[in-house]
Amino acid sequence: MGSTLRDGLLPISGRGTHTETAGTSAGEVFAAITASATAAGFALDDVQRVVALRLAALGAQIVEHEALDAENAAPRPAADAAPDLAGASDPVAAEDDRPDAFAAHSTAPRGLYLWGPAGRGKSWLLDAFYGAVPVDRKLRVHFHSFFNELHSRIFANRGSETVFANAVRELIGDAKLLLFDEFHVHDPGHATLLTALLRYALDHGITVVATSNYRPQGLLPSPVYHHIFEPGIELIERELDVVELPGEVDYRRSRADAVERRGFATGSWVHVPSVTSTQVDGADEHSTADASLAPGATRPAPAEATSLELGGRTFAVTAVRGRELWATFAELFIVQTSSLEFLQWARDFDTWHILDVPLLASVGRDPQQRFVNAVDVLVDYDIEAHFHADASFDEFVAAASGRADAFRMVSRLHLLQR
């Protein structure tokens, strides 16, 4: 049911009417969400339960709206009697006799903007909601995947008078429920596209549910560019229910020891002290460095250096071993990479080894943001990632405090083994 941009753009398959779900209640949606929590080995806290109830009520509205849409779209049987002068058999007149059904068809359920600190369970609730709402015309997207696909579709439709509408239509198909995870805005260009996307959704009867670490007024926080997204903020605050998921507990941190070890959570943070401080008794540099790598890993020899080709550009990397990517922090983030490259490499490589990770304070703002974006992609694609760093995990986290989006990055890095 539905589609996702998690593994790249997947086609939205043909839809059925699913009339058997027409009577789905908010209680049934809520029960499905709580059952997902139980299956995952935890219980929702009180604040999460309140949010889950809000989502469940919305889910029931969406199911009802889809059923009415299907009913209104169904062909009407031909009238047996000849039309009279009052026009009783006129389809337009018949539609006018059902104002409530027409209103339900034309007005989508009001969406929801869920925001709060990192690690509070927003993305998990979004996934559980996605699975609990028994409709087909739905799509879950993640920020980086969606915008890279959107840029590609806009480029492919260049020259058309309706280039943006065409691109969005190709991306979301006939989806009437759009779930947008990790909604954040730092780039002025993205701000313009996000505003246009929100307008498109509202104009086409699409219900939007978004999660974010930022309250709406906190989006595009730069005082230089904030005004560019003010129209988008106005749309969010006027057209969506803004719901906060507060709390002090970061569940990624508190449940780090109990997390299921798969994908990203099988990765590690490895403190690799400088060779000069650890090399003793004539041990060679290579063997000393290997002793500090992830278990079973050996640092590539210089002869393994290679390059990756993407989009007409060449990127030097330390090594490629089958579906393992080895690259230094400088190779991945000091050069002008973007989420486009990270997304493609997440599809191409099951395991990443990122070498020589420095304290973020020692590099510029752009490399910092690229590193944060890469962590987002690695988590969303559930890629095993090993970070071989100059500092211990605690030292790195302390030094990253206060940097743009660092709270989300730090929360996600707590999934790693240390």
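We number each residue from 1, following the sequence as shown. For clarity, every value in this text was computed on a predicted model and none was experimentally measured.
- For Arg321, the CZ atom sits in a packed shell: over 12 heavy atoms of surrounding residues, nucleotides or ligands are nearer than 6.0 Å.
- Between Phe143 and Phe147, the two ring planes are tilted [angle within 30° to 60°].
- Counting only heavy atoms from C-beta outward, the side chains of Asp366 and Phe333 never approach each other to under 4.5 Å.
- Gln217 CD: more than 12 foreign heavy atoms inside a 6.0 Å radius.
- Pairs of residues two or more places apart, or lying in two chains, never qualify as salt bridge (Lys or Arg N to Asp or Glu O under 4.0 Å) while including a residue from residues 331-345.
- Each of Arg299, His353, His271 was checked for a side chain to side chain donor-acceptor pair (under 3.5 Å) with His388, and the lone residue meeting it is His353.
- Under the salt bridge (charged side-chain N to carboxylate O under 4.0 Å, His left out) criterion, Arg110 pairs with Asp241, not counting sequence neighbours.
- In this structure, the salt bridge (charged side-chain N to carboxylate O under 4.0 Å, His left out) partners of Asp376, at least two apart in sequence or on a different chain, are Arg408, Arg412.
- Ile236 and Pro216 make their closest contact through CG2-CG, 3.9 Å (heavy atoms, listed as atom of the first residue, atom of the second, distance).
- In the model, Asp356 has no side-chain atom that pairs as donor or acceptor with a side-chain atom of Thr328 under 3.5 Å.
- Minimum interatomic distance between Leu112 and Arg54 (heavy atoms only, all atoms of both residues): CD1-CB, 4.3 Å.
- Between the side chains of Arg169 and Asn166, at least one donor N or O sits under 3.5 Å from an acceptor N or O.
- A salt bridge links Arg137 with Asp69: the distance from a Lys NZ or Arg NE/NH1/NH2 to an Asp or Glu carboxylate oxygen falls below 4.0 Å.
- Taking the ring axis of Phe393 as reference, the NZ or CZ atom of Arg418 stays within 45° of it and closer than 6.0 Å to the ring centre.
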Output, in order, the C-alpha distance, side-chain angles, deciding distance and verdict of side chain to side chain contact (heavy atoms under 4.5 Å, CB included) for Ser123 and Glu182. CA-CA 8 Å; Ser123 294; Glu182 299 293 355; 3.7 Å; yes

